[in-house]
Amino acid sequence: MSSSGDLISPQTTHVALFPSAGMGHLIPFLRFGALLLRRSNCRVTLITINPTVSLAESQHTSQFLSAYPQVTHLQLNLIPVDPATVNSDDPFWLQFEAVRRSAHLLGPLLSSASPPLSALVYDVSLISPVIPIAESLSLPSYVLFPASARMLSFVSYFPTFAAAGFGSTNSDPLLRIPGISPIPRSSIPPPLLDPNSLFSRILMEDSPNLSRLNGILINSFEGLETEALEAINGGKVTKGSPPLFAVGPFPPFEFEKAEWSTPLNWLDQQPEGSVVYVSFGSRTALSRDQITEVGEGLVKSGCRFFWVVKDKKVDKEEDEGLNDVVGVELMEKIRGRGLVVKQWVDQSEVLSHRAVGGFVSHCGWNSVGEAALYGVRVLAWPQNGDQKINAEVVRASGLGIWVESWGWRSGGGGDDRTVVVKGDEIGERVRELMGGESLRLQAAKIGDVARKASEVGGTRENTLERFIGELLETK
Ligand code: UDP
Ligand code: UDP
């Protein structure tokens, strides 16, 4: 019997989850939590940061907690950071740093957990500050990596890359990581080519500590990322890597259904597989010029489309209507050809809708996973961060196509910055995406593999079982 009087059998695990900033990090933690909660022998504590940057984060957390009242919720109140001390003006990056600097507050929260914890699963951006806390409490320590296994190989290899001068003294345009097909230098997230960026500093400190983890959990699966999963688990990438648990593909859960509804009536009226869904995730705003070209391109493609417009990086700051952002003239052209909205939509609901056949995506890793799960082919249009590395996965797996010459988002900081991709070209590529029969079949095949991985006895459940077995052994 625990100190609180709760009965807990020796066959029960209690996992604390600690995500960092942004929906791209929060969603995989909530889905992983929901996967654990489907099992009778798992308890979950969710540690959230307060305040959050976006409204979507606080809303999703509330929805999760209402759906699972058995979850213990702990809040870590952030110590504000002076932006002048962080080499970035991105609100999500500032938040990452604030969480790192507040991580010492975690100790008292964890030590009072009842029943006692079996493991702490936390964000990849928190390794160095959190590891000593977990070690001092003799708590097994796992990271839930929110990106691709290919990106994880780069993160693991980062100290070697940094020691070799960030590739700057090397004329080879390809980064050669053992066991991984070469990564073009142009695909590396631009901040990680700059030794002084916040993320380079975080990785220089954190990557050498990966070997102190008990394991890494990742939302990926064989069939989407066979090469990288095998290379990492085979110890080819770096010596001393902890075990990698491929617990993907993460499915969406009922708690994610928004209070406001996604306009599905329009989709219901469209023929099967005829609609291309266009969205750049939760935190990427296109420039007004680029928004116009996307709209013109979609109209020119002649395809039916469902387009989610985002004008501001942080949802709380969205203050203009569709007519202001897209323009009345373009809205008129769109009428009858497609649907455009400017709101949070339930993306899984859209991608799983029978009318949706293609996805123009920035390739945030959650979006790639969702496209794979539903076998929807992707036109990759990476905008920043790890998204080109994910686009390589999309292309190599056959899930979709990628027009490399489109480069990074304007202001995205890449070598090939500030191109506004023209509507004609967008229209042509959208037609290619929607017209390609072999592409459709290949994406559908990945969807089949993803579904098999998710079934009882599939790789996701088996891997989850192995993870829980490990926690029970170390109790
Ligand atoms: N998402 C959604 N509705 C939206 C925008 C985003 O449901 O209107 C979800 C999307 O399905 C994914 C997550 O938010 O699960 C975004 O994560 P991703 O890694 O794709 O990209 P990020 O937003 O982090 O750039
Ligand atoms: N439309 C849109 N976004 C909006 C409003 C309208 O894309 O926010 C487009 C869409 O193609 C829709 C068409 O305009 O099918 C007609 O919409 P409207 O509201 O004028 O008429 P409804 O069909 O809803 O009666």
Side-chain angles (χ1 to χ4, degrees), residues 19-32 34 52-61 63-64 90-93 95-96 123-125 144-148 150-151 189 218-220 224 248-264 277-286 306-315 318 322 339-353 356 359-374 376 378 380-391 393-394 399-400 408-409 412:
S20 190
M23 288 302 280
H25 293 247
L26 180 67
I27 284 184
F29 273 87
L30 298 184
R31 289 182 179 166
F32 180 64
T52 60
V53 177
S54 66
L55 211 54
E57 289 166 86
S58 46
Q59 279 165 343
H60 273 72
T61 300
Q63 288 172 209
F64 177 82
D90 181 310
F92 291 96
W93 286 33
Q95 186 88 333
F96 277 129
D123 194 90
V124 64
S125 64
L144 174 54
F145 192 74
S148 56
R150 187 167 171 80
M151 183 63 192
I218 194 163
N219 174 21
S220 194
L224 181 62
F250 287 169
F253 286 85
E254 200 59 29
F255 75 86
E256 296 174 52
K257 298 246 173 304
E259 286 164 20
W260 59 93
S261 66
T262 296
L264 295 177
Y277 166 62
V278 184
S279 169
F280 298 90
S282 69
R283 43 159 306 186
T284 299
L286 300 186
F306 180 4
W307 176 28
V308 184
V309 172
K310 204 165 156 47
D311 187 42
K312 298 276 161 54
K313 186 179 276 191
V314 179
D315 55 9
E318 293 277 4
L322 259 181
L339 181 66
V340 47
V341 299
K342 190 166 162 289
Q343 63 172 75
W344 183 269
V345 303
D346 185 336
Q347 179 161 298
S348 302
E349 212 170 9
V350 173
L351 286 172
S352 61
H353 195 286
V356 173
F359 182 13
V360 178
S361 172
H362 72 312
C363 291
W365 188 244
N366 296 291
S367 292
V368 173
E370 290 155 13
L373 182 60
Y374 298 114
V376 175
V378 171
W381 189 357
Q383 304 286 313
N384 52 36
D386 59 345
Q387 294 154 15
K388 280 194 184 180
I389 289 183
N390 301 343
V393 175
V394 165
L399 183 62
W408 295 109
R409 170 172 64 94

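Ligands are counted one by one from 1 in listed order, and the atoms in each one are counted from 1 as well.
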Item to complete: Ignoring hydrogens and angles, tell me if any N or O in the side chain of Trp365 forms a donor-acceptor pair with the backbone of Asn219 under 3.5 Å.
Response: yes
Worksheet item: Could you walk me through whether His25 and Phe92 pass the ring-ring contact (aromatic ring centres under 6.0 Å, His included) check?
Response: CA-CA 11 Å; His25 293 247; Phe92 291 96; 9.2 Å; no
Worksheet item: Atom OG in Ser279, atom CD in Gln347: separation rounded to 0.5 Å?
Response: 5.0 Å
Worksheet item: For the side chain of Asn366 and the backbone of Ile27, is there at least one donor-acceptor N/O pair under 3.5 Å apart?
Response: no
Discussion item. As a test of reading the model: which residues have a non-hydrogen atom less than 4.0 Å away from ligand 1?
Written reply: Gly24, Ile27, Gly281, Ser282, Arg283, Trp344, Val345, Gln347, His362, Gly364, Trp365, Asn366, Ser367, Glu370
Practice prompt. Identify, with sequence neighbours excluded, every residue that meets side chain to side chain contact (heavy atoms under 4.5 Å, CB included) alongside Asp386.
Written response: Ala147, Met151, Asn390
Worksheet entry | Residue from Lys342, Gln343, Lys312 passing side chain to side chain donor-acceptor pair (under 3.5 Å) with Glu318 | Lys342
